[in-house]
**Student:** 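The structure that follows is given in the form of structure tokens.
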Amino acid sequence: MLDKLKKAFGYSALESVGSRGFDFITLWVLLNTLPTVDLADFGLATSVLFIFNVLLVVPETSLLKHQKEWMTNGTLPQYVTTFYCFSLAKSLSLLILLGISYWLFGYDWQIVAVALALGTQLIQAAEIGRIYLRMELQQKRVAKVEILTKSLLATLCLAQFVYPGLSVYLTIYLCWTFSVACFWAVVMLREGQLGPIDWETFSHCFKSAFLGFSLWQHFSGVITFYLYNVDPLFLKLNEVATMEIATYTAALKVSNLFFVVPMFLQSFVPVILANAGEKSEHAYQKLVAFNAALSLVQLLSFVTLGAWLSPFFGVTDETAKNSFYVYGSLICVGVFLLNMARPLSTYLLIRLSPRLLFPQVFIPTLMISTMLFAVLTWRYGAIGCAVASAVAYGIFGTLLLVCKIRHSQTIHDAVSGYSGSQ
């Protein structure tokens with residue numbers, strides 16, 4: 001089994017490097033082609049996506065914890081079909097909202113937010129198939145498709161050099177996400193995991209999946225996304241100049257690139273815990289050590305090279321260059337602190353009851369970070385917003401560590417019980 005895990009990890013790493021590399025190209029194209037106003041609108045739109053995420057619940061994350069159990073008792077196709085039906089309903093609702101909003105209000109950054117929410121939902125629908133294959137250690141198949149599709153998106157976005165504008169990007173992005181979602185639905189159909197379902201079965205599967213692990217996983221994900229992207233919203237509320245919001249958005253998006261590889265490592269935690277048996281704790285500790293070393297290298301790379309990176313990401317004004325470096329450095333410090341604790345977040349969600357983790361980690365983080373963003377941005381503008389971001393990330397990571405220490409005995413009992421059952 002460990003050999004299979006090593007191969008799966010290798011293909012997951014290939015997927016992460018390949019797909020995120022093309023994500024980087026796409027971001028670079030956007031930062032170098034979008035007009036200042038469009039870039040500011042892009043930042044504002046992504047900063048309010050957490051509002052949609054609160055409503056667009058994702059019961060399919062329960063596959064991370066229960067897929068093996070459902071496969072054993074033969075109910076997995078019912079759950080997978082339920083997840084796809086619910087994703088379809090969410091996508092159609094957002095499409096209707098997009099049409100109505102455009103008809104009533106015309107094109108503005110709020111419309112961009114709805115369009116991005118629709119694209120995000122379509123990608124989440126595709127994630128159902130990807131989670132299924134990853135939990136079955138079929139990372140090779142996922143890697144091939146992800147790299148191919150992300151390369152296609154990056155290639156299509158080159159049209160921005162000829163037709164620059166956020167509306168052009170949104171058109172490309174929505175067409176691409178729809179195609180990817182359809183592809184993965186066909187894959188799951190061929191895997192025999194999709195079929196007819198009645199309302200009673202749908203209702204039972206949805207409640208069973210969502211009211212357990214997924215409910216708490218969903219809201220913790222919403223809060224995490226809020227921390228990653230909310231900065232431009234506070235800048236807008238404090239009437240910071242559009243040029244400054246655009247510069248901050250560039251720094252924020254570049255800094256968030258350093259989440260990518262640690263996020264990949266974090267996503268592998270459930271696979272390890274589900275498949276490594278009694279050696280799962282040792283494998284997890286090795287992953288944590290590698291993640292810590294990588295996170296430090298990432299921070300040092302931006303601190304060392306960040307001052308020369310700004311023109312590469314479309315920031316050419318001399319004043320804006322300095323601001324880009326200062327904002328980016330502060331945010332990257334916070335990214336480093338959170339990345340150090342990132343595998344621990346998923347580990348605790350698996351080993352502990354998510355209901356315990358939510359009030360002890362996520363709610364305090366949300367409250368404290370919101371207060372920090374509001375006060376520091378109001379008092380110091382964009383620089384205060386960057387400081388608030390760094391401190392909020394640090395608090396998040398610290399609370400995760402405190403929670404692990406507080407519940408160390410419960411975790412030990414859970415691990416011992418799992419090992420004894422093997």
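A quick note: this is a predicted structure, and the numbers were derived from the prediction, not measured.
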**Student:** Return yes if a side-chain donor-acceptor contact under 3.5 Å exists between Y226 and T370, otherwise no.
**Tutor:**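 Per modelled atom types, Y226 and T370 side chains form a pair under 3.5 Å.
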
**Student:** Measure the CE-OH distance between M188 and Y84 for me, rounded to the nearest 0.5 Å.
**Tutor:** 5.5 Å

**Student:** Does T46 reach the main-chain N or O of G43 with its side chain, forming a donor-acceptor pair under 3.5 Å?
**Tutor:** yes

**Student:** As an exercise, state the distance from CG of D231 to CD1 of I331, rounded to the nearest 0.5 Å.
**Tutor:**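 Reported to 0.5 Å precision, the distance equals 5.5 Å.
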
**Student:** Would you say the side-chain atoms of D23 and T26 include a donor-acceptor pair closer than 3.5 Å?
**Tutor:**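 Judged by distance alone, the side chains do not pair up.
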
**Student:** Exactly one of L153, L27, I147 should register a side chain to side chain contact (heavy atoms under 4.5 Å, CB included) with F22. Which one does?
**Tutor:**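 Option passing the side chain to side chain contact (heavy atoms under 4.5 Å, CB included) with F22: I147.
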
**Student:** Starting from the C-alpha separation in whole Å, work towards a yes-or-no answer on salt bridge (charged side-chain N to carboxylate O under 4.0 Å, His left out) for E191 and R141.
**Tutor:** CA-CA 13 Å; E191 288 287 322; R141 290 177 65 186; 2.7 Å; yes

**Student:** First locate atom CD of E60, then atom CD1 of I128, and finally report the distance between them rounded to the nearest 0.5 Å.
**Tutor:** 4.5 Å

**Student:** Between S208 and Y79, do the side chains contain a donor N or O and an acceptor N or O under 3.5 Å apart?
**Tutor:** yes

**Student:** So how far is it from L400 CG to Q360 CD, rounded to the nearest 0.5 Å?
**Tutor:**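 So the CG of L400 and the CD of Q360 are separated by 11.0 Å.
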
**Student:** How long is the span from the NZ atom in K140 to the CG atom in L133, to the nearest 0.5 Å?
**Tutor:** 13.5 Å

**Student:** Indicate every side-chain donor-acceptor pair of residues 166-174 with a distance under 3.5 Å to a residue at least two apart or in another chain.
**Tutor:**
| residue | atom | partner | partner atom | Å |
| --- | --- | --- | --- | --- |
| T171 | OG1 | S167 | O | 2.9 |

**Student:** Between the side chain of T81 and the main-chain N/O of Q78, is any donor-acceptor distance below 3.5 Å?
**Tutor:**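 It does not hold such a pair.
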
**Student:** Please, which pairs that meet ring pair (Phe, Tyr, Trp, His ring centres under 6.0 Å) have at least one residue in residues 314-342, sequence neighbours excluded?
**Tutor:** Y248-Y327

**Student:** Check whether any side-chain N or O of N73 sits under 3.5 Å from a backbone N or O of T75 as a donor-acceptor pair, and report yes or no.
**Tutor:**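 Confirmed, N73 side chain pairs with T75 backbone.
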
**Student:** Can you list everything that forms a salt bridge (charged side-chain N to carboxylate O under 4.0 Å, His left out) with K253? Sequence neighbours excluded, please.
**Tutor:**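 Applying salt bridge (charged side-chain N to carboxylate O under 4.0 Å, His left out) to K253 gives none.
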
